[in-house]
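Notes follow once the structure below has been shown.
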Amino acid sequence: QVQLVESGGGSVQAGDSLKLSCVVSGRTFRSNSVGWFRQAPGKEREFVAAITWRGGESLHGESVKGRFTISRDNHNNSAYLQMNVLKPEDTAVYYCGSSSTSYTTRISTNYNYWGHGTQVTVSS
């Protein structure tokens with residue numbers, strides 16, 4: 001099993017920044033990449049960003065490109081999502097997922113384990 005715990009969410013104003021963290025534990029050898037997804041009320045889960053543990057290759061969704069940056073710290077088994085210039089439409093629960101694929105993927109079914117999520121609320 002792989003466990004993931006997200007933190008760093010909160011309520012901010014439009015234009016502010018937040019940094020989300022995801023700590024991965026357990027059978028971490030099963031995790032080759034990690035991704036961030038978000039889900040707003042009444043909407044489907046949306047891909048935000050992904051990164052591979054080994055080479056650090058990253059992929060960002062079109063709606064966040066240029067504003068959000070994913071990174072990882074292999075020593076601490078942690079992944080981060082730096083979110084800048086936040087907009088009200090970024091409001092959602094943000095989930096961290098672990099994938100056994102050795103490449104970045106935006107497909108949620110490629111992720112085997114998920115955290116419980118952290119709420120991000122952006123007001124105008």
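Given the structure is predicted, the values throughout are model-derived calculations rather than measurements.
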_Listed partners of Tyr111 passing ring-ring contact (aromatic ring centres under 6.0 Å, His included), at least two apart_ = Phe37, Trp114

*Is there a path from Val23 to Leu18 through hydrophobic residues (I, L, V, M, F, W, Y) whose side chains come within less than 4.5 Å of each other?*
no

*Between Ala92 and Arg38, what is the shortest heavy-atom contact and its length?*
CB-CB, 3.8 Å

*Group every Ile, Leu, Val, Met, Phe, Trp and Tyr by side-chain heavy-atom contacts under 4.5 Å, then state whether Tyr94 and Tyr80 land in the same group.*
no

*Would Ser17 and Asn84 count as having a side-chain donor-acceptor pair, cut-off 3.5 Å?*
yes

_Considering all heavy atoms, the nearest Pro88-Ser124 contact_ = CG-CB, 3.9 Å

_For residues Val93 and Val34: do they belong to one hydrophobic cluster (side chain heavy atoms under 4.5 Å, members Ile, Leu, Val, Met, Phe, Trp, Tyr)?_
no

_Minimal non-hydrogen separation, Gly9 against Leu20, with atom names_ = N-CD2, 3.6 Å

_Non-hydrogen atoms of Lys65 and His60 that approach each other most closely_ = CE-O, 3.6 Å

*asked:* Any side-chain to backbone donor/acceptor pair from Ser98 onto Tyr113? Under 3.5 Å, distance only.
replied: no

*Answer with yes or no whether the side chains of Gln82 and Thr69 bring together a donor and an acceptor at under 3.5 Å.*
no

*asked:* Can a donor-acceptor pair be found, under 3.5 Å and without considering hydrogens, that links the side chain of Thr91 to the backbone of Val122?
replied: yes

*Partners of Tyr95 by ring-ring contact (aromatic ring centres under 6.0 Å, His included), sequence neighbours excluded?*
none

*Could you grab the distance from atom OG of Ser31 to atom CD of Gln3, nearest 0.5 Å is fine?*
11.5 Å

*For residues Leu86 and Met83, report the shortest heavy-atom separation together with the two atoms involved.*
CD2-CB, 3.9 Å

*asked:* So which atom in Val2 and which in Arg27 form the shortest heavy-atom distance, rounded to 0.1 Å?
replied: CG2-O, 3.3 Å

_I need the Ser78 OG to Leu4 CG distance, nearest 0.5 Å._
10.5 Å

*Please round to the nearest 0.5 Å and tell me the distance separating atom CG of Asn110 and atom OG1 of Thr101.*
5.5 Å

*Between CZ of Arg72 and CZ of Arg54, what distance do you get to the nearest 0.5 Å?*
11.5 Å

*Would you mind listing every disulfide bond (SG atoms under 2.5 Å apart) that reaches into residues 85-124, with sequence neighbours excluded?*
Cys22-Cys96

_Membership question, hydrophobic clusters at under 4.5 Å side-chain separation (ILVMFWY): are Val120 and Ile70 in the same one?_
yes

_Under a 3.5 Å distance rule, please check whether Thr104 uses its side chain to pair with a backbone N or O of Ser58 as donor and acceptor._
no

*Joint cluster assignment, Val24 & Ile51, ILVMFWY side-chain distance < 4.5 Å*: yes

*Can you tell me how far CG of Asn32 sits from CH2 of Trp53, rounded to the nearest 0.5 angstrom?*
10.5 Å

*Any chance you could measure Gln1, atom CD, to Ser25, atom OG, to the nearest 0.5 Å?*
10.5 Å

